[in-house]
Student: 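Pasting a structure below so you can have a look.
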There are 2 protein chains.
Amino acid sequence: MRAADRETAIRAAALRIFRRKGYDAASMQEIADAVGLNKGSLYYYISSKQELLVRLFEGRAEQVLGEMDTAASRPGTPRERLRAIVRVYVLGVLRNLDAVHVYVREEHSFPRTALQQVRRTHQAMRDHFERVIVDGMRQGDFVERDSKLATLALLGTCTWVHRWYRPGGRLTETAVADDFAERAVRMLCA
Amino acid sequence: MRAADRETAIRAAALRIFRRKGYDAASMQEIADAVGLNKGSLYYYISSKQELLVRLFEGRAEQVLGEMDTAASRPGTPRERLRAIVRVYVLGVLRNLDAVHVYVREEHSFPRTALQQVRRTHQAMRDHFERVIVDGMRQGDFVERDSKLATLALLGTCTWVHRWYRPGGRLTETAVADDFAERAVRMLCA
DNA sequence: CTTTCTACCGAACGGTCGGTCTGCTAATGT
DNA sequence: ACATTAGCAGACCGACCGTTCGGTAGAAAG
């Protein structure tokens, strides 16, 4: 197997096992078994367990943030833009179910610098929500209320999806995203 | 120090430390240090680390569920009842911030029987939400949409509070609860 | 004063963990 | 034909973990 494939396999196995057992409870031996390697051989590809954890999230949040950027910059009423942003965010959660789960759980195990990086990205996402909400309130599309609380309420709805969504179940990803986008608008309208 | 006080102190310390470091990463030594005991002496009061974890949640969910029962059984329109239920639930989360945090994080570390017990209680809470939502749709108070998705959206908003609320900050507990109760109604109304 | 019981200490145990080190093997480059 | 190196196995280390246990100071009971 090529080296790049091994790395991918190791990360995939680690993500799966961290999700199932948690970061601390998961052992490097289990990850090694899952990819068919000896435990010590893992350290040919990674430098530490913590670094492996952090690497699992590389690019994911930035990818979703990029999609939110374009969704937010398209012309349209605040209602339309909110719908688009919510859709993109929910789909981002749904397409990274395991990663979101592990991040929410293990955020505190991150080293300081990596944590700051991810936090910045998340803050940027929150800003997208809040900006369109404030815009909507100014233009009269949305009812005037605490915009920060509105943002947190919305983020809660959308992020919590990772706790109950089961792929292959009754609902497709887009069905959930569309439904929540509509609900978000309703929650804010007068 | 009296034995009952010690037990209380141990649980308080464990809850605090589990919240800060996670169940697996927290050591019995830290808990012992926090209450001023030798590590081994903890086992005079508890039988295992896992049992200590489970005991932290005794009665909490049942307490909130009881309050939801009374809130749901009071007469009133679905709007009023929904408001009351959301209020009680959010306040329940806010008054048990650490416990909710640890539970969400360590649910998978619970032994089977304890897990089933807590899951039943949570299911009962979800049923309260869904029932009043379905009632409201039937009576025309709420717009007809997928009631299960509405329940999950609402639960997400209310439960996610534990991730961002900081006691002593800008918002009081009742301020958040009241605001979210109002938002819940808006999200469901036509 | 003696016995009993409570609350606790200190040491140790078996086991697991993340991580290191040495060296083999097969492929690759020259 | 030879040297080099990537890729990996397997033994191993020190640290730390949850848990157990023999023992004991001091209060309470008799």
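In the text below, chain A, chain B and the rest are named by the order of the sequence lines, each starting its count at 1.
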Student: Find the distance I31(B):CD1 to dG18(D):P and express it as a whole number of Å.
Tutor: 8 Å

Student: May I have the distance from D33(B) (atom CG) to dC8(C) (atom P), rounded to whole angstrom?
Tutor: 15 Å

Student: For N38(B) and Y44(B): C-alpha separation, side-chain torsions, deciding distance, then whether side-chain contact (heavy atoms from CB on, under 4.5 Å) applies.
Tutor: CA-CA 11 Å; N38(B) 187 282; Y44(B) 183 78; over 6 Å; no

Student: Is the distance from the ring center of Y103(A) to that of H162(A) below 6.0 Å?
Tutor: no

Student: Rounding to an integer number of Å, can you tell me how far L37(A) CG sits from dG7(D) P?
Tutor: 11 Å

Student: Among dG18(D), dC8(D), dA7(C), which is the nearest nucleotide to the side chain of Y45(B)?
Tutor: dA7(C)

Student: Using a cut-off of 4.0 Å on non-hydrogen atoms, how would the nucleic acid contact of A25(B) be classed: base, sugar-phosphate, or nothing?
Tutor: nothing

Student: Might you work through the side-chain contact (heavy atoms from CB on, under 4.5 Å) test for H101(B) and F18(B), ending with a clear yes or no?
Tutor: CA-CA 9 Å; H101(B) 206 97; F18(B) 285 165; over 6 Å; no

Student: Can you check the M28(A) CE to dG10(D) P distance for me, whole Å?
Tutor: 18 Å

Student: Among the candidates dC17(C), dC8(D), dT19(D), find the nucleotide nearest to the side-chain atoms of S27(A).
Tutor: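 Comparing dC17(C), dC8(D), dT19(D) against the side chain of S27(A), the answer is dC17(C).
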
Student: Taking atom C1' of dG7(D) as reference, at what distance in whole Å does atom CG of L42(A) sit?
Tutor: 13 Å

Student: Please examine the side chains of E182(A) and V86(A), heavy atoms only from C-beta on, and report whether any two atoms are closer than 4.5 Å.
Tutor: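 The answer is no, as the side chains (C-beta and beyond) never meet within the 4.5 Å cut-off.
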
Student: Examine dC8(C): is either OP1 or OP2 under 4.0 Å from a nitrogen or oxygen in the side chain of Y44(B)? Give yes or no.
Tutor: no

Student: Let me know the distance between CD of E7(B) and P of dT6(C), rounded to the nearest Å.
Tutor: 14 Å

Student: What is the distance, rounded to the nearest whole Å, between atom NZ of K39(A) and atom P of dC8(D)?
Tutor: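 In whole Å, dC8(D) P and K39(A) NZ are 18 Å from each other.
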
Student: Given dG7(D), dA9(D), dG18(C), identify the nucleotide with an atom nearest to the side chain of N38(A).
Tutor: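 The nucleotide sitting nearest to the side chain is dA9(D).
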
Student: Of the nucleotides dC9(C), dT19(D), dG18(C), which has the atom closest to the Y43(B) side chain?
Tutor: dT19(D)

Student: As a quick check of understanding, evaluate side-chain contact (heavy atoms from CB on, under 4.5 Å) for Y89(B) and E67(B), giving each step before the final call.
Tutor: CA-CA 8 Å; Y89(B) 183 84; E67(B) 293 170 16; over 6 Å; no

Student: Please determine if a side-chain N or O atom of R6(B) lies less than 4.0 Å away from the OP1 or OP2 oxygen of dC8(C).
Tutor: yes

Student: Under 4.0 Å, counting only non-hydrogen atoms across every strand here, what does A26(A) touch: a base, just sugar-phosphate, or nothing?
Tutor: sugar-phosphate

Student: Write down the distance between CD (Q29(B)) and P (dT19(D)), rounded to a whole number of angstrom.
Tutor: 14 Å

Student: So, OP1 or OP2 of dA9(D): does either fall under 4.0 Å of a side-chain N or O from S41(A)?
Tutor: yes

